[in-house]
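In what follows, a single structure is set out as structure tokens and then discussed.
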Amino acid sequence: MCGIVGLVAKSNVNQGLYDALTVLQHRGQDAAGMVTCDEGRFYLRKDNGLVKDVFRTRHMKRLVGSMGIGHVRYPTAGSSSSAEAQPFYVNSPYGIVLAHNGNLTNAHELVKEVYREDLRHVNTNSDSEVLLNVFAHELQEQKQLVPKAQDVFDAVKRVHKRIKGGYAVIAMLAGYGVVGFRDPNGIRPAVFGKRESAQGPEYMIASESVALDALGYELIRDIEPGEAVFIDVDGNLHTQQCAENPKLTPCIFEHVYFARPDSIIDKISVYKARLKMGARLAEKILRERPDHDIDVVIPIPDTSRSSALELANRLGVKYREGFEKNRFIGRTFIMPGQQMRKKSVRQKLNALDLEFRGKNVLLVDDSIVRGTTCEQIVQMARDAGANKVYFASAAPPVRYPNVYGIDMPAKEEFIAHGRSVAEVQEAIKADWLIYQDLADLVSATCDGADVKYDFDCSVFNSEYITGDIDDAYLDDLQARRNEAKNKKKANQESGIIDLHNDETAE
């Protein structure tokens with residue numbers, strides 16, 4: 001999962017991009033990048049690390065221009081190479097930089113196609129660079145010395161026909177404008193908004209509406225599935241549907257975990273959706289254990305707070321903050337490497353004995369993925385003196401790989417894969433475990449919305465909406481992932497620098 005942002009303004013956008021990326025930092029902590037454009041020339045800074053660490057004063061002074069794009073990244077294949085930090089750049093046609101959130105499911109085939117048919121070279125393992133080269137080729141095929149909005153839209157139409165998967169994209173054409181577009185299924189989110197300045201209107205495209213809020217932009221709307229939005233260098237807005245059969249099937253995991261609660265995605269309030277998840281979960285608890293002995297509900301911070309609060313209210317039991325969080329430790333789910341995740345849990349959370357001792361505690365989390373942190377947190381609750389430790393997940397069991405941009409490629413990593421709920425309960429050493437039902441999750445998310453939603457729930461039900469995913473694809477994906485890891489390890493041991501995976505790139 002990544003965060004993307006684009007700005008077309010009337011003054012320097014470097015500070016605005018920085019602020020927006022900081023707001024979107026929850027979407028990726030592995031790397032950050034920014035490109036600005038001034039008089040047709042690009043200025044780039046990207047590296048591994050948090051936004052505050054990648055961009056120093058000396059970098060910001062060089063990032064001049066009234067147009068720019070930015071990106072925060074976490075690796076979808078477990079890599080943490082700075083060579084794969086975004087945005088990516090190609091010089092032809094016009095000069096294009098691109099930032100991408102999502103994952104292309106046919107990237108492996110496209111690499112060969114781009115080389116053999118488009119005569120272009122891809123230098124990293126990132127599917128974002130593949131996407132950039134496909135877009136650049138299709139734009140070049142328009143054969144226009146000065147590209148117009150329609151030329152950009154025609155290129156996006158051809159991109160949609162060539163690539164598959166989930167993607168939200170922001171690209172900048174040197175001296176001409178910024179384009180944002182979304183896959184025909186609307187799997188990955190993207191919004192755009194407007195702000196009036198003394199010199200005229202300014203526009204912003206971003207992964208989540210909270211980035212617009214932070215900079216004083218008014219949300220216009222979501223980019224529709226398959227739609228492209230082009231803001232030219234003069235600040236004129238152009239939009240066009242570029243897909244033949246668009247359908248809104250957004251990733252429901254955005255509402256479960258990734259998005260900030262103060263965001264609006266596809267007209268749905270993430271905060272309200274999480275409240276309703278808690279309400280549905282409470283209803284299930286009351287059905288299954290009407291005479292429950294829960295003394296207190298405690299969320300595992302931060303994402304589960306909204307659900308836990310409403311769950312406690314519906315059950316009529318106390319809600320308490322039982323874990324103190326170290327704010328300087330990143331989100332464990334998106335940290336590269338399982339060992340790093342294990343190490344960080346006790347550094348990240350500390351149990352408050354006062355809220356646990358002698359009580360029957362219901363811990364609430366947004367979801368259970370690998371289960372490693374759940375087991376450790378249950379043990380922390382016991383060490384703090386809890387009498388019984390129950391565990392509730394606001395999402396159903398995660399049993400299947402995600403292929404649309406979330407770092408969940410191997411089914412063996414999921415604690416619920418091939419296990420019953422009772423077996424997962426035993427594995428995390430809880431006294432009782434309860435999961436949200438999928439139907440309740442869907443109804444909670446879209447309850448009250450005036451749009452019909454058919455969410456991508458593939459991590460729960462293995463129904464991949466793009467129609468191109470089967471066991472052979474998943475096995476091949478995992479095999480290539482393992483091969484890349486082994487190659488990287490061998491190169492490190494031999495002292496070889498791989499330009500496709502260079503940890504020392506500056």
Begin with the C-alpha distance, continue with both residues' side-chain angles, and end with the deciding distance and a verdict on side-chain contact (heavy atoms from CB on, under 4.5 Å) for Lys411 and Leu474. CA-CA 9 Å; Lys411 58 187 178 184; Leu474 297 173; over 6 Å; no
Check the pair Leu173, Leu139 against side-chain contact (heavy atoms from CB on, under 4.5 Å), reporting the backbone distance first and the verdict last. CA-CA 10 Å; Leu173 283 60; Leu139 194 55; 3.6 Å; yes
When rounded to the nearest 0.5 angstrom, what distance separates CZ in Arg58 from CZ in Arg45? 6.5 Å
Examine distances only and state if a side-chain atom of Asn106 and a backbone atom of Arg162 form a donor-acceptor pair shorter than 3.5 Å. yes
Taking the side chain as C-beta and beyond, is there a heavy-atom pair between Val178 and Ile205 under 4.5 Å? yes
Can you check whether Gly28's main-chain N or O pairs, donor with acceptor, with Gln25's side chain at less than 3.5 Å? yes
Main chain of Ala85, side chain of His71: is a donor-acceptor contact present, judged purely on distance under 3.5 Å? no
Does any N or O in the side chain of Asn103 come within less than 3.5 Å of the main-chain N or O of Val403, such that one atom is a donor and the other an acceptor? yes
Under 3.5 Å, is there a donor on one side chain and an acceptor on the other for Gln150 and Gln142? no
Determine whether a donor-acceptor pair (N or O, by modelled atom type, separation under 3.5 Å) exists between the side chain of Glu129 and the backbone of Phe88. no
Okay, side chain of Thr36, backbone of Val64: is any donor-acceptor separation there less than 3.5 Å? yes
When every non-hydrogen atom of Ala174 is compared with those of Gly40, the smallest separation belongs to CB-O, 3.6 Å
Quick check: does any side chain N or O of Asp456 sit under 3.5 Å from a backbone N or O of Thr249, one acting as donor and the other as acceptor? no
Nearest atoms (heavy-atom pairs only) where Cys457 meets Ile252: SG-CG2, 4.0 Å
Is there a side-chain contact between Val152 and Tyr176 in this structure, where contact means two heavy atoms from C-beta onward sitting under 4.5 Å apart? no
Check Arg41 with Asp38, please: is the shortest side-chain N to carboxylate O separation under 4.0 Å? no
Would a 4.5 Å heavy-atom cut-off, applied to side chains only, mark Asn461 and Tyr400 as touching? no
Just how far is it from atom CZ of Arg73 to atom CZ of Arg27, taken to the nearest 0.5 Å? 14.5 Å
What pairs of donor and acceptor atoms, side-chain ones from residues 215-233 against any protein atom, are under 3.5 angstrom apart with sequence neighbours left out?
{"unit_1": "Tyr217", "atom_1": "OH", "unit_2": "Arg195", "atom_2": "NH2", "d": "3.4"}
{"unit_1": "Arg221", "atom_1": "NH1", "unit_2": "Glu227", "atom_2": "OE1", "d": "2.8"}
{"unit_1": "Arg221", "atom_1": "NH1", "unit_2": "Glu227", "atom_2": "OE2", "d": "3.4"}
{"unit_1": "Arg221", "atom_1": "NH2", "unit_2": "Glu227", "atom_2": "OE2", "d": "2.7"}
{"unit_1": "Asp222", "atom_1": "OD1", "unit_2": "Asp266", "atom_2": "N", "d": "2.9"}
{"unit_1": "Asp222", "atom_1": "OD2", "unit_2": "Asp266", "atom_2": "N", "d": "3.3"}
{"unit_1": "Asp222", "atom_1": "OD2", "unit_2": "Lys267", "atom_2": "N", "d": "3.4"}
{"unit_1": "Glu227", "atom_1": "OE1", "unit_2": "Glu224", "atom_2": "N", "d": "2.8"}
{"unit_1": "Asp232", "atom_1": "OD1", "unit_2": "Asp234", "atom_2": "N", "d": "3.0"}
{"unit_1": "Asp232", "atom_1": "OD1", "unit_2": "Gly235", "atom_2": "N", "d": "3.1"}
{"unit_1": "Asp232", "atom_1": "OD1", "unit_2": "Asn236", "atom_2": "N", "d": "3.0"}
{"unit_1": "Asp232", "atom_1": "OD1", "unit_2": "Asn236", "atom_2": "ND2", "d": "3.3"}
{"unit_1": "Asp232", "atom_1": "OD2", "unit_2": "Asn236", "atom_2": "ND2", "d": "3.1"}
{"unit_1": "Asp232", "atom_1": "OD2", "unit_2": "His238", "atom_2": "NE2", "d": "3.1"}

Could you go step by step and tell me if Tyr115 and Val122 meet the side-chain contact (heavy atoms from CB on, under 4.5 Å) rule? CA-CA 8 Å; Tyr115 178 76; Val122 177; over 6 Å; no
Please tell me if the side chains of Glu208 and Leu24 come closer than 4.5 Å, counting only heavy atoms from C-beta onward. yes
Whether the Tyr167 and His160 side chains hold a donor-acceptor pair (N or O, under 3.5 Å, no angle test) is what I'd like checked. yes
Side chains of Tyr257 and Val369: does their closest heavy-atom pair fall under 4.5 Å? no
Any salt bridge linking Glu254 with Arg188? Criterion: basic side-chain nitrogen under 4.0 Å from a carboxylate oxygen. yes
Do you know the tightest heavy-atom contact between Pro93 and Ala136? CD-O, 3.2 Å
Between Cys242 and Val156, the two heavy atoms sitting closest are CB-CG1, 3.9 Å
Does some side-chain heavy atom of Thr303 sit less than 4.5 Å from a side-chain heavy atom of Arg274? yes
With Lys247, which residues qualify under side chain to side chain donor-acceptor pair (under 3.5 Å), at least two apart? Asp454
Would you please classify the geometry between the Phe135 ring and the Phe181 ring as parallel, tilted or perpendicular, with 30° and 60° separating the classes? tilted
Side chains of Tyr404 and Asp183, heavy atoms from C-beta outward: is any pair under 4.5 Å? no
Any donor-acceptor pair under 3.5 Å from Ser209 side chain to Ser263 backbone: no
Using modelled atom types only, decide if a donor and an acceptor are shared between the side chain of Lys46 and the backbone of Pro87 within a distance under 3.5 Å. yes
Apply the side-chain contact (heavy atoms from CB on, under 4.5 Å) test between His137 and each candidate in Val114, Leu132, Asp118; give the one that qualifies. Asp118
Checking Lys164 now: which residues fulfil salt bridge (charged side-chain N to carboxylate O under 4.0 Å, His left out) with it, not counting sequence neighbours? none
Is the side chain of Asn14 donor-acceptor paired with the backbone N or O of Met60 at a distance under 3.5 Å, no angle test? yes
Output, in order, the C-alpha distance, side-chain angles, deciding distance and verdict of side-chain contact (heavy atoms from CB on, under 4.5 Å) for Val256 and Met277. CA-CA 9 Å; Val256 171; Met277 290 175 202; 4.3 Å; yes
Looking at NZ of Lys148 and CZ of Phe153, how far apart are the two atoms once the value is rounded to the nearest 0.5 Å? 13.5 Å
Give, for atom CZ of Phe253 and atom CZ of Phe455, the distance between the pair rounded to the nearest 0.5 Å. 14.0 Å
Is it true that atom NZ of Lys157 has more than 12 heavy atoms of other residues, nucleotides or ligands lying nearer than 6.0 Å? yes
Taking side-chain hydrogen bond (donor to acceptor under 3.5 Å, both in side chains) as the criterion, tell me which of Asp468, Thr466, Asp127 meets it with Thr105. Asp468
Flag yes if more than 12 heavy atoms outside Tyr271 fall under 6.0 Å of its OH atom; otherwise flag no. no
Nearest 0.5 Å please: distance from the OG atom of Ser126 over to the CG atom of Leu131. 9.0 Å
Heavy-atom pair of closest approach, residues Asn12 and Gly65: OD1-N, 3.0 Å
Does some side-chain heavy atom of Glu202 sit less than 4.5 Å from a side-chain heavy atom of Lys10? yes
Working to the nearest 0.5 angstrom, can you tell me the gap between Met204 CE and Ile170 CD1? 8.5 Å
Indicate the atoms forming the closest heavy-atom contact of Val54 with Ala32, along with that distance. CG1-O, 3.7 Å
